[in-house]
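Counting convention: from 1, in listed order, for ligands and their atoms alike.
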Amino acid sequence: MGIRHFLTLTDLTLDELQALIKRACVLKKEFQEKTMRPNFNGRILGMIFEKSSTRTRVSFEAAMAQLGGHAIFLSPDDTQLGRGEPTEDTARVLSKMVDCVMIRTFEHEKLVRFAEYSDVPVINGLSDSYHPCQLLADMQTYYELRGDIAGKKVAWLGDGNNMCHSYINAAKIFGFELCIACPQSYQPLDSVLNDAADNIIITDDPQAAADNADLLVTDVWTSMGQEQEAVERMKAFKPFQVNAELMSRAAGDAVFMHCLPAHRGEEVSADVIDGPQSVVWEEAGNRLHSQKALLEFLLV
Ligand code: CP
Ligand code: NVA
């Protein structure tokens, strides 16, 4: 097979994703025991960030350093990208200099175009439509804590956004039931839903979504780039907050995830995110290990 990209979760098969998660668990153990053997021999990851980031930037940069490679942070403010150099040209130039490119941007189409012109693997570090790297960490976290997610019930509460779209992809690939509770006007895109219709239930009733769920997930109500809609979004999403009452409807051993950053008192109450069922810190930490496994998969 030729060069592989990771623009959505569907770029990998179930077998590949399961192997990647198992490898991430091994890399995590080696990291914790300080027994990692770097095998990247100076390979370089270019990282284009057109939006802010804490976890994605630090996890990719740390991953490359720990694997024996390097990462270069590129922002539109101080590269020619911000002065209008075409995506296609940037892709062809970077391909001649680095071994892999990670991009966080707005339109998903830009990533697709970049990948078309790139001779090296391209990773989606978040677009307006998808956040597949976060799903690697979420699936690893569930696997470590509860085992196989196939056949389980996952409740998505809130916006039908990029994270929700990647959960829809995951439901189809990993074979879980995804119950999405969101206001009518913030439902996920039909084009994403259609491919996974058998695994998805959409409702505007958060209680129904939470009933007996094994995993509850939410995300910010206002994503990056939507700041001007914040007031109306706050109103629309209020009934969809994950709080103790909602958690009490879930299965006894249910866990709570959030990709972070979180807004306590908005999409999640403080007692839930800081409570015993929350696994958000483990989830965030797994960004490092699952992305190392992804980089190995694409580069070695
Ligand atoms: N979850 C996530 O992608 O976090 P950052 O925006 O901090 O990278
Ligand atoms: N949906 C959020 C995720 C941030 C990691 C956003 O796009 O801003």
Side-chain angles (χ1 to χ4, degrees), residues 6-9 24 45-64 71 73-76 101-111 123-142 156-170 178 180-183 186-189 192 215-230 232-234 236-237 240-242 256-264 266-268 273 278-292 294-295:
F6 187 60
L7 305 188
T8 71
L9 210 59
L45 173 71
M47 304 190 301
I48 298 172
F49 279 96
E50 295 185 341
K51 291 175 174 171
S52 305
S53 169
T54 298
R55 281 144 287 269
T56 305
R57 178 175 177 183
V58 175
S59 54
F60 270 113
E61 203 162 326
M64 286 305 289
F73 175 78
L74 300 159
S75 103
V101 179
M102 189 241 76
I103 307 177
R104 170 167 285 200
T105 189
F106 292 86
E107 315 81 32
H108 189 75
E109 186 47 42
K110 191 187 252 190
L111 266 159
I123 297 172
N124 179 1
L126 180 144
S127 66
D128 286 346
S129 309
Y130 299 99
H131 195 5
C133 289
Q134 184 67 50
L135 262 290
L136 296 181
D138 287 20
M139 292 300 100
Q140 180 189 349
T141 308
Y142 194 87
W156 174 271
L157 287 308
D159 196 8
N161 64 9
N162 44 9
M163 274 297 299
C164 181
H165 286 164
S166 284
Y167 259 93
I168 292 169
N169 290 160
L178 179 64
I180 300 169
C182 62
Y186 294 97
Q187 289 188 359
L189 291 176
V192 181
L215 166 62
L216 285 89
V217 197
T218 189
D219 186 14
V220 291
W221 290 339
T222 301
S223 286
M224 289 181 277
Q226 300 172 331
E227 289 76 10
Q228 72 290 352
E229 301 169 21
E232 63 190 272
R233 284 175 162 272
M234 189 87 89
F237 288 113
F240 296 85
Q241 183 190 70
V242 180
F256 170 76
M257 292 192 198
H258 188 311
C259 64
L260 306 178
H263 296 86
R264 288 169 176 77
E266 293 183 22
E267 74 274 8
V268 60
I273 195 166
S278 170
V279 297
V280 298
W281 313 122
E282 203 65 21
E283 178 191 4
N286 280 339
R287 294 291 302 276
L288 176 68
H289 313 296
S290 54
Q291 285 162 201
K292 270 184 192 163
L294 173 67
L295 288 162

- [ ] Compare every heavy atom of F237 with every heavy atom of P183, then report the nearest pair and how far apart it is.
- [x]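 Result for this residue pair: CD-CE2, 3.4 Å.
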Minimum-distance pair of heavy atoms, taken over all atoms of V280 and L260: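 That would be O-CD1, 4.1 Å.
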- [ ] Can you label the angle between the H165 ring and the Y130 ring as parallel, tilted or perpendicular, going by 30° and 60°?
- [x]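 H165 and Y130: tilted rings.
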I'd like to know if K51 pairs up with D128 as an ion pair, taking the criterion as any Lys NZ or Arg NE/NH1/NH2 lying under 4.0 Å from an Asp or Glu carboxylate oxygen.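 Answer for the salt bridge query: yes.
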Query - Neighbouring protein residues of ligand 1 - any heavy atom closer than 4.0 Å - result: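 Lining ligand 1 at under 4.0 Å, by heavy atoms, one finds S53, T54, R55, T56, R104, H131, Q134, C259, L260, R287.
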- Could you name the protein residues that come within less than 4.0 Å of ligand 2, counting only heavy atoms, and order them by chain and residue number?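 Only L126, N161, N162, D219, V220, S223, M224, C259, L260 have heavy atoms that fall under 4.0 Å of ligand 2, ordered by chain and number.
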Discussion item. Could you tell me if the side chain of D159 sits less than 4.5 Å from the side chain of Q226, heavy atoms only?
Written reply: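 Yes, their side chains come closer than 4.5 Å.
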query: Any side-chain heavy-atom pair from Y167 and D138 closer than 4.5 angstrom?
result: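 Counting from C-beta outward, Y167 and D138 do come under 4.5 Å.
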Item to check | Given R287, E61, Q291, the one that forms side-chain hydrogen bond (donor to acceptor under 3.5 Å, both in side chains) with T56 | outcome: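 Looking at R287, E61, Q291, the match for T56 under the side-chain hydrogen bond (donor to acceptor under 3.5 Å, both in side chains) is R287.
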Check your understanding: For the atom pair CD (E283) and CZ (F256), what is the distance rounded to the nearest 0.5 Å?
Key ->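 The distance works out to 8.0 Å.
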| With a cut-off of under 6.0 Å to the ring centre and 45° to the axis, is R233 in cation-pi contact with Y186? |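 So R233 doesn't make the cation-pi contact.
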